[in-house]
Amino acid sequence: MENLYIYVENEKVENCLKYGMKLSEYANKIIAFNNIEKKGITAYLTPKDSNLYDDNLFTCLRISTKDLHAIIYNRIFENNEDLLNKSFCNYNEYNLADYEDPIAMIYSTILPENIFLYNKVLDLPLIVENSKEYFYDKCVSDFIENDRFTKFELYQTLLLLGEQKNIFKSTKIDDNLKIYTDTISNKLYTKKRGCKKSPIKN
């Protein structure tokens, strides 16, 4: 990965751009990997991965990873040591969608020449807008491409899930046919008995 993203308080931006970010001053997290505690600066793979994206009190900085020491890990396993130890890697070994909730930790001082003010409109194009959404998209695509599920099975499952979430209203026509009506568009969908069963019970 060529860039990571860090959020800092607005009043610290000028100092970061001018003097860089010392690890001793900006480290904000301690996590143990393989029983070794490491203190680092939290960073994100894409700006929207942070809940500070729309916070006007913080500014996003784009960090060039050149000569940085950083890892990426799956934040979902922060409280499970065994799983966490299996779900981290060096930043340059990470492949997009490897982890469901990836986050980075930088373990070195960041020099000013590696720090850029991120511009939501004019900055470098992002390969991924949101890491979690990309992970889910990739998983669904992989499920289909690897014949884990057919599109028909996913369609049937989503009808049942939609009914549970009150997105669809169902009407039993007869023992072999059920109609699902979209509560917003009124579009009709059908589910026939005797077709391949969905993993969600109706």
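- In this structure, Asn114 contributes its side chain and Ile63 its backbone to no donor-acceptor pair below 3.5 Å.
- Between Glu9 and Phe58 the shortest side-chain heavy-atom distance falls below 4.5 Å.
- Minimum interatomic distance between Tyr155 and Thr190 (heavy atoms only, all atoms of both residues): OH-O, 3.1 Å.
- The distance from the CD1 atom of Ile144 to the CZ atom of Phe149 is 10.0 Å, given to the nearest 0.5 Å.
- Within the 4.5 Å cutoff, no side-chain heavy atoms of Leu154 are placed close to those of Thr157.
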Extract all donor-acceptor atom pairs below 3.5 Å that involve side chains of residues 23-46 and protein atoms in other chains or at least two apart in sequence.
unit_1 : atom_1 : unit_2 : atom_2 : d
Asn28  : OD1    : Thr42  : N      : 3.0
Asn28  : OD1    : Thr42  : OG1    : 3.0
Lys29  : NZ     : Glu78  : OE2    : 2.7
Thr46  : OG1    : Val128 : O      : 3.0
Thr46  : OG1    : Glu129 : O      : 3.3

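- The shortest side-chain heavy-atom distance between Ile6 and Met21 falls under the 4.5 Å cut-off.
- Criterion: ILVMFWY side-chain heavy atoms under 4.5 Å apart, direct or through other members. Under it, Tyr91 and Met105 are not part of a common hydrophobic cluster.
- The environment of CG in Asn79 is sparse: at most 12 heavy-atom neighbours from other residues, nucleotides or ligands sit within 6.0 Å.
- Checked by atom type and distance alone, the side chain of Asp55 pairs as donor or acceptor with a backbone atom of Leu57 at under 3.5 Å.
- Transitive grouping of hydrophobic side chains (ILVMFWY, heavy atoms separated by less than 4.5 Å) brings Leu61 and Ile106 into a common cluster.
- Ion pairing between a basic and an acidic side chain is recognised when a charged N comes within 4.0 Å of a carboxylate O; Arg75 and Asp101 show such pairing.
- In terms of heavy atoms, Lys132 sits closest to Glu100 at CG-O, 3.1 Å.
- Under the 4.5 Å side-chain contact rule for hydrophobic residues, Leu111 and Tyr19 do not share a cluster.
- Side chain of Lys120 to backbone of Pro47: no donor-acceptor contact under 3.5 angstrom is found.
- The hydrophobic cluster containing Leu4 also contains Val8, counting ILVMFWY residues as joined when their side-chain heavy atoms lie under 4.5 angstrom apart, directly or transitively.
- Pairs passing the ring pair (Phe, Tyr, Trp, His ring centres under 6.0 Å) check and including a residue from residues 111-135, sequence neighbours excluded, read Tyr5-Tyr118.
- Contact of the Phe168 side chain with the Thr183 side chain is not registered, since no non-hydrogen atoms from C-beta on lie closer than 4.5 Å.
- Ile173 CD1: more than 12 foreign heavy atoms inside a 6.0 Å radius.
- Here the closest non-hydrogen pair linking Thr109 and Leu68 is O-CD2, 4.2 Å.
- With sequence neighbours excluded, no residue forms a side-chain hydrogen bond (donor to acceptor under 3.5 Å, both in side chains) with Asp137.
- The shortest non-hydrogen separation linking His69 to Ser108 is N-OG, 3.1 Å.
- Taking the six-membered ring for Trp and the full ring otherwise, Phe77 and Tyr99 have centroids separated by 6.0 Å or more.
- Between Ile115 and Cys16, the closest heavy-atom pair is CD1-O, 3.4 Å.
- Inter-residue side-chain proximity for Thr65 and Asn92 is flagged as unmet; no heavy-atom pair is nearer than 4.5 Å.
- Using a 4.5 Å cut-off on side-chain heavy atoms (C-beta onward), Tyr73 and Ser87 make no contact.
- Surrounding CD1 of Ile127 are at most 12 heavy atoms belonging to other residues, nucleotides or ligands under 6.0 Å away.
- At a threshold of 4.5 Å between non-hydrogen side-chain atoms, the residues Asn130 and Asp49 count as touching.
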